[in-house]
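Small disclaimer: the values here were computed from a predicted structure and weren't measured.
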Amino acid sequence: MIIRTLAGTGVVLLALTGCGGNDDAQAKEAISKELQSNKIGDFSLTKKDADCIANGMVDKVGVDQLQKYGLLTKDNKTDKSPDEVKMSDKDAQASAEVFVGCIDAGKMITDAMGSSMPAEVTDCIDKALTDDVLTKLFASMFRGEDAQQVSQELLAQPLTECMTGG
């Protein structure tokens, strides 16, 4: 469930970055509003988080490049779903760094687990979901790789160890 939640969050966030135009300020505002208006599972983004993501995506990837990837049309409409778009390694890495730098995805996941898990397990999982691991996971999704497979490769062992006390 945790792996699916993280993968789903990344895919939805990527989809929501598909708003923009040639005017960077307009693109940033549109992306931020879109991020704020869409709840992702049990998660919702604050204006601060959405602004951070929007600013980072436009600054690091660029509106023109987001259009070239087909995430949006020239008139700022979403054109393709994220699973139809593959970013370059450089843009995938930049996008992943933006998301990990702007939101605490590890905390979002552990919060979603709720109080049903012992605090030690939740703390262990939070520590296992390092920025490096989350960046690799998001970057792989932005490159168009199989999110489930990558999640399994990056997270299965550390999460299993947390759950079993290993």
key: side-chain hydrogen bond (donor to acceptor under 3.5 Å, both in side chains) against Asp51, all qualifying residues, sequence neighbours excluded   =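 For Asp51 the side-chain hydrogen bond (donor to acceptor under 3.5 Å, both in side chains) partners, ignoring immediate neighbours, are Ser32, Lys47.
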With sequence neighbours left out, the residues meeting side-chain hydrogen bond (donor to acceptor under 3.5 Å, both in side chains) with Asp131 are none
The complete set of salt bridge (Lys or Arg N to Asp or Glu O under 4.0 Å) pairs with one or both residues in residues 90-100, sequence neighbours excluded, reads none
Side-chain contact test, heavy atoms from C-beta onward, threshold under 4.5 Å: evaluate it for [X] versus [Y] and give yes or no.
X      : Y      : result
Ile125 : Leu129 : yes
Ile53  : Cys102 : yes
Ser95  : Met57  : yes
Phe138 : Val98  : no

Taking every heavy atom of Ala139 against every heavy atom of Ala92, the minimum-distance pair comes out as O-CB, 3.5 Å
Rounded to the nearest 0.5 Å, how far apart are [atom1] of [X] and [atom2] of [Y]?
X      : Y      : atom1 : atom2 : result
Asp49  : Asp104 : CG    : CG    : 9.0 Å
Cys52  : Phe99  : SG    : CZ    : 10.0 Å
Glu153 : Glu145 : CD    : CD    : 8.5 Å

Qualifying residues under side-chain contact (heavy atoms from CB on, under 4.5 Å), relative to [X], sequence neighbours excluded:
X      : value
Gln157 : Glu161
Cys124 : Cys162
Val133 : Thr130, Leu154, Leu155
Asp89  : Arg143

Exercise for the section: Indicate yes or no for a side-chain donor-acceptor contact from Ser140 to the backbone of Leu137 under 3.5 Å, with no hydrogens or angles considered. Expected result: yes
Strictly distance-based, threshold 3.5 Å: is any side-chain N or O of Tyr69 a donor or acceptor partner for the main-chain N or O of Ser88?
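Yes, Tyr69 side chain to Ser88 backbone: donor-acceptor pair under 3.5 Å.
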Do Asp132 and Lys136 meet the salt-bridge criterion of a basic N to acidic O distance under 4.0 Å?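 Yes.
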With sequence neighbours left out, what residues match Lys48 under salt bridge (Lys or Arg N to Asp or Glu O under 4.0 Å)?
->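 Checked Lys48 against salt bridge (Lys or Arg N to Asp or Glu O under 4.0 Å); zero matches.
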